[in-house]
Amino acid sequence: MQWYIDRLDELACAQPVYSVCGDDCAVCPRFLAKTDEELHQTAVFWHQVGWRDHVVSNEEIRCKGCGSRAACAFMLLPCLRERGLEHCVDCDKNPCDKIGSMLVRSAEKEAQCRAACRDQRMFSMLKRAFYEKEKNLQQK
């Protein structure tokens, strides 16, 4: 994802934007990719990392935001909606089994991401994007 590597200096200064699961959207390639080529490179990388079992279409890889989805991979969004909350930090059951499961799954995928990154700076930024969930979930 050369387009992403080319933006790493700029992204280092980005103000965090936390998703429901604690990802930092401000540095997430799916959130940032806008052109067809950026989207395609992102889809190829997602496949290389093992986050998808094939290279998906640009439309499928394009981020439309958490609120645009009925569910999420970790089932946090439906849970928040059911409880009438915006953030897990506001829930009296936090941390819960859903969060625990999400953190385990995320930790397992971190090694795959590290192995797929040829550029250590890129991995560091992707770590900020996807693998600091526990800390980020305490933020609003």
Side-chain angles (χ1 to χ4, degrees):
M1 285 193 318
Q2 189 60 48
W3 72 270
Y4 189 74
I5 292 169
D6 291 345
R7 293 186 63 188
L8 290 176
D9 289 337
E10 168 195 342
L11 295 176
C13 301
Q15 290 297 313
V17 177
Y18 300 122
S19 70
V20 169
C21 68
D23 285 349
D24 184 350
C25 300
V27 295
C28 171
R30 284 188 65 205
F31 182 77
L32 296 170
K34 301 300 179 217
T35 69
D36 285 342
E37 183 58 27
E38 290 170 350
L39 289 162
H40 178 70
Q41 285 183 28
T42 302
V44 168
F45 183 74
W46 254 236
H47 178 253
Q48 289 170 342
V49 174
W51 295 337
R52 296 292 189 278
D53 63 1
H54 64 283
V55 177
V56 298
S57 70
N58 285 358
E59 189 56 31
E60 187 173 334
I61 201 71
R62 183 186 320 270
C63 176
K64 297 171 190 84
C66 293
S68 68
R69 299 172 57 165
C72 68
F74 305 116
M75 298 309 293
L76 298 178
L77 190 57
C79 183
L80 288 171
R81 287 181 177 152
E82 180 181 301
R83 296 174 185 284
L85 301 171
E86 289 187 38
H87 305 280
C88 291
V89 72
D90 296 325
C91 184
D92 60 356
K93 298 196 185 281
N94 181 22
C96 66
D97 290 343
K98 286 181 181 73
I99 290 174
S101 173
M102 174 197 63
L103 293 174
V104 167
R105 287 172 55 196
S106 184
E108 291 168 353
K109 298 217 177 263
E110 184 175 354
Q112 291 174 262
C113 182
R114 182 186 307 272
C117 287
R118 295 180 202 162
D119 183 295
Q120 179 56 41
R121 292 181 329 129
M122 180 176 163
F123 173 72
S124 293
M125 193 60 66
L126 292 173
K127 181 174 180 170
R128 174 182 163 184
F130 305 120
Y131 303 113
E132 296 179 354
K133 287 174 170 37
E134 190 166 19
K135 174 187 78 166
N136 296 347
L137 283 172
Q138 301 308 311
Q139 311 296 319
K140 282 192 184 181

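All values derive from a computational prediction rather than experimental measurement. The figures that follow rest on heavy atoms only: side chains count, while hydrogens, waters and symmetry mates do not.
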Exercise. Test Gln138 against Asn94 for side chain to side chain contact (heavy atoms under 4.5 Å, CB included), laying out the working first.
Key: CA-CA 10 Å; Gln138 301 308 311; Asn94 181 22; 4.1 Å; yes
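- How far CZ of Arg128 is from SG of Cys28: 11.5 Å, rounded to the nearest 0.5 Å.
- Taking CG of Asp24 as the start and NZ of Lys133 as the end, the distance is 10.5 Å to the nearest 0.5 Å.
- Contact check for Tyr4 versus Leu126: side-chain heavy atoms found under the 4.5 Å cut-off.
- Under the salt bridge (charged side-chain N to carboxylate O under 4.0 Å, His left out) criterion, the residue pairs touching residues 54-63 are Glu59-Arg62, Glu59-Lys64, with sequence neighbours excluded.
- Here the side chains of Cys21 and Phe130 are not in contact, with every heavy-atom distance at 4.5 Å or above.
- Minimum interatomic distance between Val27 and Ala14 (heavy atoms only, all atoms of both residues): CG1-CB, 4.2 Å.
- Atoms NE2 and CZ, on His54 and Arg52 in that order, are 8.5 Å from each other to the nearest 0.5 Å.
- From Leu137, atom CG reaches atom CG of Leu76 across 7.5 Å, with rounding to the nearest 0.5 Å.
- The shortest heavy-atom contact between Glu108 and Gln112 is O-OE1, 3.9 Å.
- Residue Arg83 comes nearest to Cys91 through the heavy atom pair CD-SG, 3.8 Å, listed as atom of the first residue, atom of the second, then distance.
- Once rounded to the nearest 0.5 Å, the distance linking CG of Leu8 with SG of Cys13 reads 11.5 Å.
- A continuous path of ILVMFWY side-chain contacts below 4.5 Å connects Met102 to Leu77, so both sit in one hydrophobic cluster.
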Exercise. Apply side chain to side chain contact (heavy atoms under 4.5 Å, CB included) to Ile61 and His40, showing your working.
Key: CA-CA 8 Å; Ile61 201 71; His40 178 70; over 6 Å; no
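- The shortest side-chain heavy-atom distance between Pro16 and Asn136 does not fall under the 4.5 Å cut-off.
- Side-chain contact between Met1 and Ile5 is absent, with no heavy-atom pair separated by less than 4.5 Å.
- In this structure a side-chain-to-backbone donor-acceptor pair under 3.5 Å is missing from Glu134 to Leu103.
- Residues Phe123 and Cys113 form a side-chain contact, since some pair of their non-hydrogen atoms from C-beta on lies under 4.5 Å apart.
- Relative orientation of the Trp51 and Trp46 rings is perpendicular, given thresholds of 30° and 60° on the angle between their planes.
- Under the 3.5 Å distance criterion, the side-chain polar atoms of Lys34 are matched with a main-chain donor or acceptor of Phe31.
- Side chains of Glu132 and Tyr18 form no contact here, defined as non-hydrogen atoms less than 4.5 Å apart.
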Exercise. Evaluate the criterion side chain to side chain contact (heavy atoms under 4.5 Å, CB included) for residue pair Leu32 and Trp3; output intermediate values, then yes/no.
Key: CA-CA 10 Å; Leu32 296 170; Trp3 72 270; 4.0 Å; yes
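- Here the closest non-hydrogen pair linking Leu80 and Glu86 is CD1-O, 3.7 Å.
- With contacts defined as side-chain heavy-atom distances shorter than 4.5 Å, the pair Tyr131/Arg114 does not qualify.
- In this structure, CG in Asn58 is found 10.5 Å from CD in Gln41, a value given to the nearest 0.5 Å.
- In the displayed structure, Asp6 atom CG is contacted under 6.0 Å by more than 12 heavy atoms of other residues, nucleotides or ligands.
- Panel note: side chain Glu38, backbone Thr35; a donor-acceptor pair is recorded below 3.5 Å.
- If you chain together hydrophobic residues whose side chains sit under 4.5 Å apart, Leu39 and Met122 fall into the same group.
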